[in-house]
Trainee: 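Okay, here's the structure, questions in a sec.
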Amino acid sequence: MKFYLGKPALEYHELVPKIMSDGNYRLMKMRGRLQASCAGGNGREILVPIDSLPKAYQELVHQELGDPYTHIATTPILRMIVRDAAAEKYYSAYKTPKNEHLSYLHQRLYTRQAEWIDMINRISADKYAAKEVLRMDMVRLKEVIMHLYRNDKINGEPFDNKLPGSWRQMERLIAAYRKEGYAGLVSKKLCNQNTRKVSDKVEALILSLYCQPHNPYANEVCRDFAAFMLQEKHIIDLTTGEAFEPEEFYVDGRPWMLDERTVSYYINKPLNKAVVDNYRLSKKQFEDRHRPFMRRIAPQYALSKITMDDTSSPFKMYNKVRPATYKVFDVASTAIIAMVMVPDERPNAGMIRELLRKMFALIITKGWNVPMEIEYEHALNRSLTGKKNEQGVHEADILTAGSLFLFSTLCAPKNPREKNAERMIKVIKYEFQKLHEGFLARPFNRTDANRLNEDKKEVLYTFEEIIQIEEQCADGYNAAPHPHQDKYPGMSRWQVLEQQQNPQKRTLDLKHTIQWIGHKTPRTTLRRGEVMVNGNYYRIPDWDSLQGMNDDQFTAFWLRDEQGNVPGVYLYQDGTFVTEAHLVEKFQQAKAEQTAEDLMVLAGQRHFRKGFDNMIEAKKGTLVPLGTVKADKTAPISTVKAEVVGVEDADEMGVMVPEMAGKGGGYGTKTTPKHGYVYDPEEARNRALSDI
């Protein structure tokens with residue numbers, strides 16, 4: 001609104017559409033029922049004198065905008081109130097000391113107050129300019145401002161900005177705003193605990209009473225609190241032994257009582273509920289209900305990570321026992337790599353070693369990579385991670401990180417979500433094992449289709465029959481399409497295991513790892529380059545291996561392949577690997593039945609024996625022919641002439657060859673014509689006596 005020709009006039013946007021429509025405006029202008037300063041457009045502003053409007057529209061102007069002269073005087077002030085985006089951002093993120101956000105109403109309220117105070121600060125900063133523009137002194141300006149904010153509007157709608165009713169109170173609020181910024185406008189009542197009966201201290205007491213060992217109900221908490229207030233019962237801190245004083249929880253100096261609704265409200269607040277459940281529930285129940293899940297991505301490649309877990313077979317034997325099973329899975333392909341079963345109700349640590357033996361036998365046969373990481377549970381596997389010996393040195397075992405696997409992950413106890421094997425076992429159970437007669441479902445399963453029907457007749461099996469069922473289910477599971485066909489289109493679980501292995505090659509060094517996964521023969525003797533293990537002969541690869549052997553006693557480790565054969569054994573002495581011995585191949589001795597393969601085996605055995613002969617001859621070549629004579633104590637050593645005795649074949653030498661002499665036994669006298677020396681037992685005896 002402005003003055004036009006000395007009279008109050010409305011701007012076009014103030015008249016249309018608030019007072020009249022654009023069509024009505026054009027019609028009345030054409031008929032001369034109102035005046036307009038210009039046609040508008042090209043930057044020209046249309047002004048319509050108020051007194052040129054029909055009486056009915058003049059009354060609407062007074063109702064909408066009030067007194068025109070007052071409105072013209074206050075319009076510049078209202079135009080100085082601008083949107084404060086920084087205040088909006090601050091109050092939307094503001095949290096009280098109780099970590100609570102402001103309501104949307106409070107956010108709008110404090111933002112509007114900041115916009116008003118910013119306007120007042122701008123006017124106060126240049127009082128001279130304010131007088132020139134607004135044409136009023138500061139006293140009148142304060143009165144106008146007080147009038148304006150009491151009738152504040154946002155987008156034409158009345159808004160109660162809750163600003164103080166007097167200028168003195170306004171000055172205190174302005175001072176707090178200048179000192180503390182946006183935080184100075186937030187009411188201290190929002191954080192004041194003094195007016196609350198259930199203060200933070202009382203809330204903590206309610207939760208503590210609710211977390212007593214016997215897990216009380218909400219009404220019991222009310223009774224305990226009432227008895228405490230009336231000093232009929234003492235509440236003691238069991239950690240410090242300190243007794244609580246009822247007076248510390250009084251309101252206005254008087255005791256008061258809790259009702260059950262109040263107790264239920266506070267113990268069921270999200271944070272409080274998690275805290276009390278941590279006290280009242282088991283660890284697993286608390287994990288399932290409150291603790292955040294660990295969101296993970298499955299490996300891209302097979303054998304990057306394997307996981308294993310035990311489970312009871314869902315089929316019973318005739319003795320009503322469910323056999324214990326242990327399975328190892330590949331996480332990427334979800335395929336079963338190996339499985340072992342025992343006719344016992346509970347698994348044991350020996351099953352784990354046998355399971356890994358079967359897995360590595362398959363890996364060796366297929367020529368696959370060695371898995372990078374293994375994931376296992378806490379219960380039985382803890383004993384397989386190594387131990388300290390008597391000297392305090394840690395001795396590695398099958399699950400020690402770096403022994404067989406680069407990484408060894410021990411899952412937290414009672415946390416089945418962490419083990420990948422749990423989900424795979426569930427798929428086998430309800431998609432494959434369930435199809436067989438005698439499947440034992442859970443009696444309280446949430447799904448009716450998987451719930452135990454106690455009316456059905458119980459079907460029992462032998463242990464061997466259950467093994468066949470389990471193997472059949474495992475084969476069907478591995479042959480089924482991979483669950484992520486978008487990732488491995490058209491591939492089964494087993495195909496992913498075989499064809500999508502981790503490109504980081506890891507080969508199995510059995511000569512060092514066999515001691516953890518292999519079977520053990522604690523004592524075997526090496527004779528003629530061979531040891532006997534499990535009724536078979538195993539031959540060392542070459543005769544150079546004898547150089548590092550201390551004796552002929554060894555500990556042999558061995559591993560069966562998929563066909564149950566043992567192609568080789570690994571020989572250890574004092575815990576250190578010495579050599580590998582391979583299964584001795586035999587040939588057909590009858591020439592009429594010999595094949596080309598028999599001839600190759602024969603040639604190999606001859607070569608091995610020839611190597612032995614060559615080794616003996618080479619060792620003999622290091623020996624020096626020596627002889628001994630009796631030392632003459634009166635003559636210098638240099639005057640003694642030694643007699644050399646050659647070492648020749650026994651057939652050519654006639655010396656010291658034993659020959660039985662009559663019934664009395666012993667050596668008889670023998671003459672060797674070639675050397676002319678006669679051995680006389682009596683003479684030898686006399687010489688020995690003289691030497692003594």
Side-chain angles (χ1 to χ4, degrees), residues 298-299 302-303 305-317 321-348 350-366 368 371 374-377 380 416 419-442 450 459-485 488 491-501 517 560-564:
L303 299 181
K305 183 177 184 179
I306 61 174
T307 178
M308 62 181 185
D309 196 14
D310 69 293
T311 181
S312 296
S313 175
F315 304 99
K316 279 186 179 181
M317 298 183 293
V321 172
R322 298 166 59 188
T325 70
Y326 230 111
K327 297 181 179 73
V328 58
F329 300 83
D330 172 64
V331 178
S333 65
T334 70
I336 301 176
I337 306 176
M339 175 183 68
V340 294
M341 294 183 63
V342 293
D344 301 322
E345 191 171 5
R346 301 295 301 169
N348 54 70
M351 291 179 65
I352 302 170
R353 293 191 185 273
E354 184 60 30
L355 177 71
L356 295 179
R357 285 190 193 110
K358 291 187 66 174
M359 182 188 73
F360 278 107
L362 175 66
I363 289 174
I364 294 169
T365 303
K366 297 285 188 179
W368 291 349
I374 186 169
E375 174 186 84
Y376 54 93
E377 63 182 357
L380 295 174
K419 287 181 292 186
N420 289 278
E422 291 280 353
R423 296 186 293 278
M424 302 169 196
I425 290 173
K426 184 176 181 180
V427 173
I428 297 172
K429 186 173 183 179
Y430 292 112
E431 292 187 14
F432 295 91
Q433 293 175 334
K434 178 187 172 183
L435 305 179
H436 290 266
E437 191 178 9
F439 172 78
L440 296 174
R442 290 180 177 271
N450 297 331
V459 179
L460 305 176
Y461 295 97
T462 64
F463 178 63
E464 291 72 19
E465 289 173 337
I466 294 178
I467 291 178
Q468 291 179 359
I469 295 175
E470 290 279 356
E471 290 178 346
Q472 182 181 349
C473 292
D475 292 340
Y477 171 82
N478 284 340
H482 192 279
H484 297 294
Q485 285 296 297
Y488 308 104
M491 301 180 70
S492 67
R493 291 184 173 93
W494 192 258
Q495 287 174 329
V496 174
L497 175 62
E498 285 191 311
Q499 302 173 24
Q500 299 291 324
Q501 294 189 9
I517 63 174
R560 297 186 186 278
D561 58 17
E562 277 198 304
Q563 290 72 38

Trainee: Report the residues that fulfil side-chain contact (heavy atoms from CB on, under 4.5 Å) with Phe432, sequence neighbours left out, ordered by chain and then residue number.
Mentor: Cys473, Tyr477, Ala480
Trainee: Under a 4.5 Å cut-off applied to non-hydrogen side-chain atoms, are Ile374 and Leu356 in contact?
Mentor: yes
Trainee: Taking only residues two or more places apart in sequence or in another chain, which ones pass salt bridge (charged side-chain N to carboxylate O under 4.0 Å, His left out) with Lys327?
Mentor: Glu470
Trainee: So, using salt bridge (charged side-chain N to carboxylate O under 4.0 Å, His left out) as the criterion, who are the partners of Glu345 when residues are at least two apart?
Mentor: none
Trainee: Does Gln495 have any side-chain contact (heavy atoms from CB on, under 4.5 Å) partners at least two apart in sequence or in another chain, and if so, which?
Mentor: Met491, Ser492, Gln499
Trainee: Specify the closest pair of heavy atoms between Glu377 and Tyr326, including all atoms of both residues, with the distance to one decimal.
Mentor: OE2-OH, 3.0 Å
Trainee: Restricting to pairs with a member in residues 330-340, which pass salt bridge (charged side-chain N to carboxylate O under 4.0 Å, His left out), not counting sequence neighbours?
Mentor: none
Trainee: Any side-chain heavy-atom pair from Leu355 and Met308 closer than 4.5 angstrom?
Mentor: yes
Trainee: Check whether any side-chain heavy atom of Asn478 sits under 4.5 Å from a side-chain heavy atom of Leu497, and report yes or no.
Mentor: no
Trainee: Can you list everything that forms a salt bridge (charged side-chain N to carboxylate O under 4.0 Å, His left out) with Lys358? Sequence neighbours excluded, please.
Mentor: none
Trainee: Is the backbone N or O of Ala332 less than 3.5 Å from a side-chain atom of His482, with the two atoms forming a donor-acceptor pair by type?
Mentor: yes
Trainee: How long is the straight-line distance from NE2 of His484 back to CZ of Arg493, given to the nearest 0.5 Å?
Mentor: 9.5 Å
Trainee: Can you name the residues that form a side-chain contact (heavy atoms from CB on, under 4.5 Å) with Ile363, not counting sequence neighbours?
Mentor: Met359, Phe360, Trp368, Pro371
Trainee: Excluding sequence neighbours, so at least two apart, what forms ring-ring contact (aromatic ring centres under 6.0 Å, His included) with Tyr430?
Mentor: none
Trainee: Is there a side-chain contact between Glu354 and Val342, using heavy atoms and a 4.5 Å cut-off?
Mentor: no
Trainee: Does the side chain of Glu422 come within less than 4.5 Å of Lys426's, by heavy atoms?
Mentor: no
Trainee: I'd like to check the ring-ring contact (aromatic ring centres under 6.0 Å, His included) partners of His436; sequence neighbours left out, ordered by chain and number.
Mentor: none
Trainee: Between Arg423 and Thr334, is there a side-chain heavy-atom distance shorter than 4.5 Å?
Mentor: no
Trainee: For Ala421, check side-chain contact (heavy atoms from CB on, under 4.5 Å) against everything at least two apart and list the hits.
Mentor: Thr307, Asp309, Phe329
Trainee: Under a 4.5 Å cut-off applied to non-hydrogen side-chain atoms, are Pro323 and Met317 in contact?
Mentor: yes
Trainee: Which distance, rounded to the nearest 0.5 Å, do you find between the CG of Leu435 and the CD1 of Ile469?
Mentor: 11.5 Å
Trainee: Under 3.5 Å, which donor-acceptor pairs link side chains of residues 459-467 to any protein atom two or more places apart or in another chain?
Mentor:
residue	atom	partner	partner atom	Å
Tyr461	OH	Glu437	O	2.4
Thr462	OG1	Glu465	N	3.2
Thr462	OG1	Glu465	OE1	3.4
Glu465	OE1	Thr462	N	3.0

Trainee: In chain order, what residues pass the salt bridge (charged side-chain N to carboxylate O under 4.0 Å, His left out) check against Arg322, with sequence neighbours excluded?
Mentor: none
